[in-house]
Amino acid sequence: MKIVIAEKPSVARELAKVFGATGKKDGYIEGKGYSFTWAFGHLLQLAPPQEYGFIGWRRQHLPMLPAKFKLAIRKIKTKDGLVEDPGVRKQLDIIKKLFDESTEIIVATDAGREGELIFRYIYYFLKCKKPFKRLWISSQTDEAIKEGFRNLKPGTDYDTLFNSAHCRSESDWLVGMNATQALSISAGARSVLSLGRVQTPTLAMICSRYIETKNFVPQLYYQLGIQLDKDGQLFKAVSTVNFNVKEEAQVLFDKIEDVGSGFPNGGKILDVEAKPRKEPPPLLHDLSSLQQEANKRKGYTADQTLNLLQNLYESKLVSYPRTGSRYIGDDVFAGVPQLITQLTTHPDFGKQAEFLMTVPLNKRSVNAKKVTDHHAILPTGEVPYQLSADKQAVYDMVVGRMLEAFHQECVKEVTKITIESGSLFIANGTVIRSAGWRSVLNDKEEDKKDEDNPSLPKVKKGEMLPIVEKALLEKQTKPKPLYNEASLLKALETSGKEIEDEELRYAMKDSGLGTPATRAAIIETLITRDYIMREKRNLVPTFKGLAVYDVVKDQKIAQAELTGSWEKRLEEIRSGASVADFKAEISEYTKSITHELLAAGAGLAEKLVPKKEDPAVV
DNA sequence: GCAAGGTC
């Protein structure tokens, strides 16, 4: 009997289906000489400090550096505190029984670092010695699965991948557990002050943005605005220069030859420029982009959206949600026309679905090379029935995005008119010539400036037009907006670096903070710790968050770059570099950060008592 | 009491 173990039930079911195995048992599926079983993500975790004898939080325990780490069954929180998850225990027992009966194990956890770790932790925890092979596939289609099983790899080929995963796991424990205890103890141990490779840089981003915003001093500046009339159609133009000094603006303002000052045709058209601009459709959604859209449209938190999606996934309405890919392969694309056909009866999208059936589909989101463990989020084709309003809303975002992604580009005409009247003025206008993908949701554009005209009249160079109104506008520079869930998720993808270019952002996916599957949890952790809170739609630091930030802001643990440098080393380990060297470095770093925090937290105790002043001055 | 990672 061969045992196939997948990362999650849905994958095991898919594999069993391809083999024609139909014997549904408790915790596995049997048939054709195979048993297909599964984990539920990580079933095992590194044991907590008390299992190495570090009972209670004590200064003399620090730094805690276990010679050998232990594994423990995943715990859940109940009213009696942390207890072993009974479902996990049960599944582990099933896996153990199957491993014991097996002649060979086939590892079918997700093809990546954590997938490898999920299996190896189970294998070593159960003290299993059976030989194992690795299924390594990047698409879940029948053909890809069959091909993968014909090409099983020796299990030992992935030893270095396991090494890198193992180092990631232990390093996070060492730095997180020690730093957390060190800071909490030195601050007087009145509450948990958690720190970690991901959560602390995230907190730092929120705090530094908050402080920057609070300390922002708006600068006044002046602009001149005019309104012109072309055969009854009015349009606006603003001065090409901004003025810091009001008097300078006033001088030019007085020179504007408007109708009110006795000039019937005082605006001279110097130049007219009209250029077409093409906008490709957006890529399909991955988890993060969908969480951002749901937050912008509906105000859902990242965590709420993830839960709604998980629910839709369990009802088989959408594909696997915790994906970091915004692409699909050609095999999946082959099923897209059918998905679109099914939407012709949809109340909002029916017309666009019908249109798409008549034109070639845009293939921007089709790229097998950019699909990793899971492809972009798509509807499955199952017909939803009586969804709750919030589930329907998320489902519609998945469906709507699919229609957009395969739609045609949007073509606009961008017009710029230069006008002279004492000084120079510019009128901008954008007209959509062919809406393309934008006709699916009919959204207004985000980056529309208020000086933009909805449409501009046809004017000719040299023409003289009446200026019916003029104004000296007083404006203020604005601070960067506070983070909300959408902008924070976006920032986490690129470790806080601001990169607008979609392709470039995508290239940085592997060096982000956290992973698609964990980012919602990071935000919730910071809230649970009372480090940040939601204020309307913004995420703002609390007193406590700012106080902790103040202590750690210059430390390595608060820098997003820490993840980047670890990732680089972990990748080297995956290619065969020394594990011992990395462990020694982490051990040294753990010692130094623990030492520093034990000292630095001393001044924190009194700060944690809220005072009436503005928290930003801490 | 604590990390980050995965998923029901």
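Predicted, not measured: the structure shown is a model, and the values here were computed from it.
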Suppose we screen for side chain to side chain donor-acceptor pair (under 3.5 Å). Which residues come up paired with Asn311(A), at least two apart in sequence or across chains? Lys391(A)
side-chain N/O Arg529(A) vs dA3(B) OP1/OP2, d < 4.0 Å: yes
What's the closest nucleotide to the side chain of Leu46(A) if the choices are dT7(B), dC2(B), dA3(B)? dA3(B)
Without decimals, in angstroms, what is the distance between His61(A) NE2 and dC2(B) C1'? 14 Å
I need the CZ-C1' distance between Phe162(A) and dG5(B), as an integer number of Å. 14 Å
In whole Å, I'd like the distance from the CZ atom of Phe69(A) to the C1' atom of dA4(B). 13 Å
Under 6.0 Å between ring centres, would you say that holds for Tyr34(A) and Tyr28(A)? no
If only side-chain N and O atoms of Thr518(A) are considered, is one of them under 4.0 Å from the OP1 or OP2 phosphate oxygen of dA4(B)? no
Do the side chains of Glu524(A) and Arg534(A) get close enough for a salt bridge, i.e. N-O under 4.0 angstrom? yes
Given dC2(B), dA3(B), dC8(B), which nucleotide is nearest the side-chain atoms of Gln45(A)? dA3(B)
Phe119(A): partners by ring-ring contact (aromatic ring centres under 6.0 Å, His included), with sequence neighbours left out: Tyr123(A), Phe132(A)
Rounded interatomic separation in angstrom, taking CD1 from Ile76(A) and P from dC8(B): 15 Å
Counting only heavy atoms and a strict 4.0 angstrom limit, can you tell me which residues of residues 166-174 of chain A come near DNA chain B? Arg168(A), Ser169(A), Asp172(A), Trp173(A)
For Pro9(A), report the nucleic acid contact type (base, sugar-phosphate, nothing); a contact means any heavy atom under 4.0 Å. sugar-phosphate
Select base, sugar-phosphate, or nothing to describe what Asn178(A) touches, counting heavy atoms under 4.0 Å on all strands. nothing
Closest to the 5' end of DNA chain B, once Val88(A) and Gly81(A) are matched to their nearest nucleotides, is Gly81(A)
Less than 4.0 angstrom from a charged side-chain N to a carboxylate O is my criterion; do Lys490(A) and Glu493(A) meet it? no
Can the positive tip of Lys129(A) be found less than 6.0 Å from the middle of the six-membered ring of Phe99(A), inside 45° of the ring normal? no
Using whole Å, what does the distance between atom P of nucleotide dG5(B) and atom CG of Leu44(A) come to? 18 Å
List the atom pairs, donor and acceptor, that lie under 3.5 Å between side-chain atoms in residues 177-187 of chain A and the rest of the protein, sequence neighbours left out.
from: Asn178(A); atom 1: OD1; to: Met64(A); atom 2: N; distance (Å): 2.5
from: Asn178(A); atom 1: ND2; to: Met64(A); atom 2: O; distance (Å): 3.0
from: Asn178(A); atom 1: ND2; to: Leu174(A); atom 2: O; distance (Å): 2.8
from: Thr180(A); atom 1: OG1; to: Gly176(A); atom 2: O; distance (Å): 2.6
from: Thr180(A); atom 1: OG1; to: Leu195(A); atom 2: N; distance (Å): 3.0
from: Thr180(A); atom 1: OG1; to: Leu195(A); atom 2: O; distance (Å): 3.2
from: Ser184(A); atom 1: OG; to: Thr180(A); atom 2: O; distance (Å): 2.7
from: Ser184(A); atom 1: OG; to: Leu193(A); atom 2: N; distance (Å): 2.9
from: Ser184(A); atom 1: OG; to: Leu193(A); atom 2: O; distance (Å): 3.4
from: Ser186(A); atom 1: OG; to: Ala182(A); atom 2: O; distance (Å): 3.2
from: Ser186(A); atom 1: OG; to: Leu183(A); atom 2: O; distance (Å): 3.4
from: Ser186(A); atom 1: OG; to: Leu597(A); atom 2: O; distance (Å): 3.0
from: Ser186(A); atom 1: OG; to: Gly601(A); atom 2: N; distance (Å): 3.3

dC8(B) OP1/OP2 closer than 4.0 Å to side-chain N/O of Arg322(A): yes
Are the ring centres of Phe149(A) and Phe19(A) closer than 6.0 Å? yes
Just checking Glu114(A): base, sugar-phosphate only, or nothing, at a heavy-atom cut-off of under 4.0 Å? sugar-phosphate
Which parts of residues 191-200 of chain A get close to DNA chain B, meaning a heavy atom less than 4.0 angstrom away? Val192(A), Ser194(A), Leu195(A), Gly196(A), Arg197(A), Val198(A), Gln199(A)
Could you state the atom-to-atom distance from CG of Leu562(A) to P of dA3(B) in whole Å? 16 Å
Write down the distance between CD1 (Ile557(A)) and C1' (dC2(B)), rounded to a whole number of angstrom. 12 Å
Is Lys24(A) salt-bridged to Glu30(A), going by a charged N under 4.0 Å from an acidic O? no
Could you go through residues 48-58 of chain A and list every donor-acceptor pair under 3.5 Å that involves a side-chain atom there, pairing it with any protein atom two or more places apart or in another chain?
from: Tyr52(A); atom 1: OH; to: Lys70(A); atom 2: N; distance (Å): 2.8
from: Tyr52(A); atom 1: OH; to: Lys70(A); atom 2: O; distance (Å): 3.4

For Met64(A) and for Leu43(A), find the nucleotide of DNA chain B with the closest heavy atom, then tell me which residue's nucleotide is more 5'. Met64(A)
Check the distance between dC8(B)'s P and Leu312(A)'s CG and give it to me in whole angstrom. 14 Å
